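Proteins get letters first, then strands, A, B, ... in listed order; numbering begins at 1 in each. Model, not experiment: these values are computed from the prediction.
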Protein chains: 2
Amino acid sequence: MSDQDSRTRSQSVADTLRERILAGEFAPGTRMQEIALAEELHVSRTPIREALRSLAEDGLLDYAANRGYRVRQFTARDIVISFRVRAAMEGLGCRLLAEQGLTEQQLQRLDAILQHGDELLANGDYAANEYAQWRELNRSFHVALLKFSESVLLKKIARDAMTLPIVNHGAFHWYRPEDFRRSHEQHHMIVKSIREHDGERAEWWMREHIRAAGEIVAKHL
Amino acid sequence: MSDQDSRTRSQSVADTLRERILAGEFAPGTRMQEIALAEELHVSRTPIREALRSLAEDGLLDYAANRGYRVRQFTARDIVISFRVRAAMEGLGCRLLAEQGLTEQQLQRLDAILQHGDELLANGDYAANEYAQWRELNRSFHVALLKFSESVLLKKIARDAMTLPIVNHGAFHWYRPEDFRRSHEQHHMIVKSIREHDGERAEWWMREHIRAAGEIVAKHL
DNA sequence: GGTGGCGCTATTGTATACATCTTTTTCAAT
DNA sequence: ATTGAAAAAGATGTATACAATAGCGCCACC
């Protein structure tokens, strides 16, 4: 869903509920009832209904006609598959980017992100509050690549595969210092491959990068 | 969006509009205005709004807050990428199915579809009205595999990648007799590979199968 | 005591009225 | 004539009333 500019109440409600669901506030199977949510969020049922519909399309809720919405159950298998999907999709994205080439401006943007990572590594401080920075750094890297792909489909799919409760929330808490280093080195290799128009390697490195992240998550399933 | 049982007006409207958009009835950029559609389809704005939101999530419409919905423009590149996405996703699906194995019942279902194809080939009548049968046959084959994967994510993504105007509507009209034959043989190879638990080959054949279809479409871009 | 149907209640689906925002048109001033 | 603001028209966003459906408990009946 491509929005632009101002936000409506429906969108705000959708964002709020999405965050709360991803944070694990609602147990799987919990009914999301319109009236209760409307009262809690101080809006009418209309924006609630539209938000719930969006969340269902995102795959976060199950819907049955005349029976409403329930929080979806995600199995360990769902999580594992989501990483394989991401590996395939973002890998494909990297291959396309390498084949078609990036503008100087886009490469500079990636370099800036890489440099930021270099600095974080140099400081070598992995205290709890650093996790947030790494997560944001990682997110901006992947989002930037997706954005450069200029394919609505790729962006949408990658988003779908990243929007899962456990994955979205946790993940980096399980990284050891060497995992951060390795992950960052892979970011470098990905950009290098794209810059050299080596689609094969760009795809391979991105797949390997996401596969590694998936393995760490899978261990803590 | 997982529905079940009865259909609501919102869903009917969404289906109707989806079909009409996929059939190319509305030129890209056309505004989809709620009041006009409501009057045309003899329902209130409410189900129209919900349908439009669904179609936007499907990627068929663009949305801007307070400015409504427009029919999305699909570029030739979008179409090409959609086939590469499908190749990657359905290929992954086949690999998973081969790895985990299918039940006897599921294999029988696939065999039934293959046999139906054998019969169509044997008759060798490629008249215009046969296209519909081939399309349905092909659709049921791919849908069955997706369904067996038991991954909401894979199903959703494959659906996203198949829901494009040109692709959904045409495609088979451009097939020559030998294309039908080759396509059907690939179906056989895919099932054979899955049955033998050869994930590598199952994925390869599915990728090749979709890649070939993509090339035919690309020629007529 | 179990089962099946009936009706009540709670919840969702739809229509419509009202609020807000966007866009167009009008009209005056330069 | 052109530009700009302001008002009016049209469209979307939100709230609410009403309709329809599903879920539940009760009671009769077997």
Note to self: Let me test you: for the helix from C:dG1-D:dC30 to C:dT30-D:dA1, what is the angle between the axes at its two ends (five pairs each), rounded to 10 degrees?
What the structure shows: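 That helix gives 10° between its end axes.
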Gap between atoms [atom1] and [atom2], on [X] and [N] respectively (whole Å):
| X | N | atom1 | atom2 | result |
| --- | --- | --- | --- | --- |
| B:Y69 | D:dT12 | OH | P | 9 Å |
| A:I48 | D:dT14 | CD1 | C1' | 12 Å |
| A:D62 | C:dT12 | CG | P | 15 Å |
| A:M32 | C:dT11 | CE | C1' | 15 Å |
| A:Q33 | C:dT9 | CD | P | 18 Å |

Classify the ring geometry between [X] and [Y] as parallel (under 30°), tilted (30 to 60°) or perpendicular (over 60°).
| X | Y | answer |
| --- | --- | --- |
| A:H184 | A:W134 | perpendicular |
| B:H187 | B:H142 | perpendicular |
| A:F180 | A:Y175 | tilted |

Checklist line | Spacing of CD1 belonging to B:I79 relative to CG belonging to B:L221, to within rounding of 0.5 Å | finding: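 Going from the CD1 atom of B:I79 to the CG atom of B:L221 covers 9.0 Å.
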Margin query: So if I apply the side-chain contact (heavy atoms from CB on, under 4.5 Å) rule between B:L55 and each of B:I21, B:V71, B:T163, which one comes out positive?
Written below: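 Filter result, single survivor: B:I21.
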Note to self: Output one letter per nucleotide in nucleotides 14-24 of chain C: B when a protein non-hydrogen atom lies under 4.0 Å from the base, S when only the sugar-phosphate is that close, - when neither is.
What the structure shows: BBBB---SSS-
Note to self: Looking at A:R139 and A:E136, is any side-chain nitrogen of the basic one under 4.0 Å from a carboxylate oxygen of the acidic one?
What the structure shows: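 Here A:E136 pairs with A:R139 in a salt bridge, since their nearest N and O are under 4.0 Å apart.
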Margin query: Quick test of your reading of the model: are B:D78 and B:R72 salt-bridged, counting only N-O distances below 4.0 Å?
Written below: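 Counted as a salt bridge, because a side-chain N and a carboxylate O are separated by less than 4.0 Å.
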Note to self: The criterion is ring pair (Phe, Tyr, Trp, His ring centres under 6.0 Å); which residues satisfy it with A:F148, sequence neighbours excluded?
What the structure shows: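 Once residues adjacent in sequence are excluded, A:F148 has no partner under the ring pair (Phe, Tyr, Trp, His ring centres under 6.0 Å) criterion.
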